[in-house]
Amino acid sequence: MSAIYFRELKSYFTGMIGPVVVAALMVFIGFHFWIYNLGSGYPYFARALTGVASYLIIIVPILTMKSMSEDKKAKTDQVLLTSAVNTTQIVLGKYFATLTVFAIPVLYSCIFPIILGFKTYHSYLIDYTTILAFFLMGAAYIAIGLFISSLTESQIIAAITCFLTIFLMMLIPMFSSYISDSTLVNAVLFSILAFILVLIVNSTIRNAYASTCIFIVSMIVIWGLYFIKGDVFAGAFSKMLNIVTFSNGISYYAAGVFDLKGIVMFLSVSILFVFLTVQSVQKRRWI
Amino acid sequence: MIEVKNLVKMYGNHLAVDDISFTLEPGRVYGFLGPNGAGKSTTMNIMTGYIAPTSGEIIINDHNIMDEPEEAKACMGYLPEMPPLYNDMKVYEYLKFVAGLKHIKRSERKAAIEEVMQVTGITEYQNRLISSLSKGYKQRVGLAQAIIAKPEIIILDEPTVGLDPRQIIEIRDLIRSLGKKHTVILSSHIFQEISAVCDYIIIIARGHLIASDTPANLINKYASDKELTLKVRGNLGDVTSTLNRIEDAINVRTTPSFVENDCIDVTLNTRDNKDIREDIFNAFAEDGLPILELKSSDPSLEDIFLELTAREEEEAIRREEKEMVDRFSSYETVKDDEFDEGGEA
């Protein structure tokens, strides 16, 4: 794994992507620090960092677009997959390399709370937990980007798809407040979601019988729950959407609330998508 | 030792490898021979664990590649059809990366890289970017990558593609020397390459294994009768009567020569592939007919290869035609039925 990690890390900096991404994020962070903290006098660096989070929509696709796709296109995955390393090690090596590049500007941002500390009374705890949350949110987006990159041979398609996915994740919470809180509507929405998920599962396992069974079981669970304890569905769909799309992002941390749920969500999404990337690489061997 | 059992690979509906089985013993050079698209690369990709078979088993030194992939892969070095090189790396850097990937001990890496660069003749290119190398040198770096960890089994997919004739000879010598210590498997669609270096030949066409044996056995098994051609000065009657006295000459064909006057061209086969050149000489000498030319043509391995693959090709075409006819006729019956029903209504 270390061989792959160091190769990937080096390749970021022999090309343009590494320096450009690191420099851009540093500039964004500095710019927001200047506007919010120095210009408007906010006492917390965390406030500035919440603004930087939205730049991840451009940064993450650029960082991850070639992670898996380039190997597939140049057939360099042949040397990786025929050596005595397993797929998980390959994917983790690449993932950690990308995380390391992302960690450089994040580490740089650790200076700013100290600078503020000279001048004003302020809580280092809030600032540093926000920086941690910012890093973990980035890690989750990077895992999603890595997975998307493993689905295609084209860097451009990977970048655009990753951009659109993060864009959608940022957009959905704006509309989720318009979804009715009625339990029936929510139960129907969950049923539709279950149906879509079953369709996706069926497209990979191609077993109509198993898929039908999964669908029937999920329907029994949803509608059983609806009739026994219907009030759990009140507003549940928009709540779920908000959680899976990180709608609160790092704003809770910046407001001084340590949102454990958020951290758990970032970590689970990272692990889930790294796992899915491994599966996607494995699956390719079978086609 | 490598055991391949009932290997099948389907790409969608296309059958790329159809039930191939063979066993490869250590310390030999094996040649995979087959026309383009025969399934050589697919078989090699499956053997090295790059892609998974649809069914069948690969056992490398008692490790099944599906169940214990890491143990099995550790015994092999693989040069795929396209050398798997990172264009943004320098040669030395790339080999260092591969050495790490193949779990060569940190203390031994430098020596291993130096040695392999020496063997493949890329030492002076070690600080060049791989993207700036020519095709032949990329191929050498690919080869270096495959042999760096000194694996027991070395698998090379068309190793001499893109090399100039001098480099081809060098690489062949290298393969031959590797074959003394390692099991080497190389594929090619070029016949001379295989016959130059391999102890054992496996011929594949259209996903089928059609022959596997040593070159000598292949000749014995598939070669047609020996053929002799000679040119004799004399008239047709005399030549024919002399030829009739030679017992082991069969299938004799005589034609007056177009090129030289009063000469007869003779082509004949010999019974049980006996060498009867001396008999012929003596017989014609007795009758005072001078032999101007006498040539014995050995059927070459190449002829066998061409014939076997052509045969397989014909069979495949026949199979496809039959399939198409079957499908067409069943389609016809359905149509007729529908038409009848429509007519009655």
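Chain A is the first sequence line, chain B the second, and so forth, proteins listed ahead of strands; every chain is numbered from 1. All values below were derived from every heavy atom in this structure, side-chain atoms included, with hydrogens, water molecules and symmetry-related copies excluded.
- Residues Ala3(A) and Gly100(B) approach most closely at CB-C, 3.8 Å, considering heavy atoms.
- The local environment of CZ in Phe13(A) is crowded, with over 12 non-hydrogen atoms from other residues, nucleotides or ligands closer than 6.0 Å.
- In Gln118(B), the CD atom is not crowded: 12 or fewer heavy atoms of neighbouring residues, nucleotides or ligands sit closer than 6.0 Å.
- Listed options Pro69(B), Pro80(B), Gly77(B), Pro53(B) were ranked by heavy-atom pairs under 4.5 angstrom with chain A; first place goes to Pro80(B).
- There is no contact between Asn87(B) and chain A, counting heavy-atom distances below 4.5 Å.
- We find that Glu93(B) and Lys10(A) are joined by a salt bridge, their nearest charged nitrogen and carboxylate oxygen being less than 4.0 Å apart.
- Atom NZ of Lys138(B) sits in a crowded spot, with more than 12 heavy atoms from other residues, nucleotides or ligands closer than 6.0 Å.
- Thr14(A) touches chain B through its side chain: at least one heavy atom from C-beta onward sits under 4.5 Å away, while N, CA, C and O do not.
- For Val79(A) against Gln145(B), the heavy-atom pair with the smallest separation is CG2-OE1, 3.7 Å.
- For the pair Phe97(B) and Ile4(A), the minimum side-chain heavy-atom distance is below 4.5 Å.
- Remark: Asp62(B) CG is loosely packed, at most 12 non-hydrogen atoms of other residues, nucleotides or ligands lying under 6.0 Å away.
- Among the candidates Met89(B), Met76(B), Lys102(B), the residue making the largest number of heavy-atom pairs closer than 4.5 Å to chain A is Met89(B).
- Contacts with chain A were tallied for Gly142(B), Cys75(B), Ala149(B), Ala52(B); Ala52(B) has the most, counting heavy-atom pairs under 4.5 Å.
- Separation of atoms OG1 (Thr76(A)) and OH (Tyr94(B)) is listed at 8.0 Å; rounding is to 0.5 Å.
- Between Leu81(A) atom CG and Ile51(B) atom CD1 the span is 11.0 Å, to the nearest 0.5 Å.
- Comparing Asn45(B), Leu79(B), Leu85(B), Asp88(B) by heavy-atom pairs within less than 4.5 Å of chain A, the highest count is held by Asp88(B).
- The OH atom of Tyr50(B) sits 12.5 Å away from atom OG of Ser83(A), with the distance rounded to the nearest 0.5 Å.
- Contact annotation for Tyr86(B): both backbone and side-chain heavy atoms come within less than 4.5 Å of a heavy atom of chain A.
- At a 4.5 Å heavy-atom cutoff, the contact between Asp71(A) and chain B is made by side-chain atoms alone.
- Nearest approach of Pro84(B) to Gln78(A), heavy atoms of both residues: CB-CB, 4.3 Å.
- Remark: Lys181(B) NZ is loosely packed, at most 12 non-hydrogen atoms of other residues, nucleotides or ligands lying under 6.0 Å away.
- Using a 4.5 Å cut-off on side-chain heavy atoms (C-beta onward), Glu70(B) and Val85(A) make no contact.
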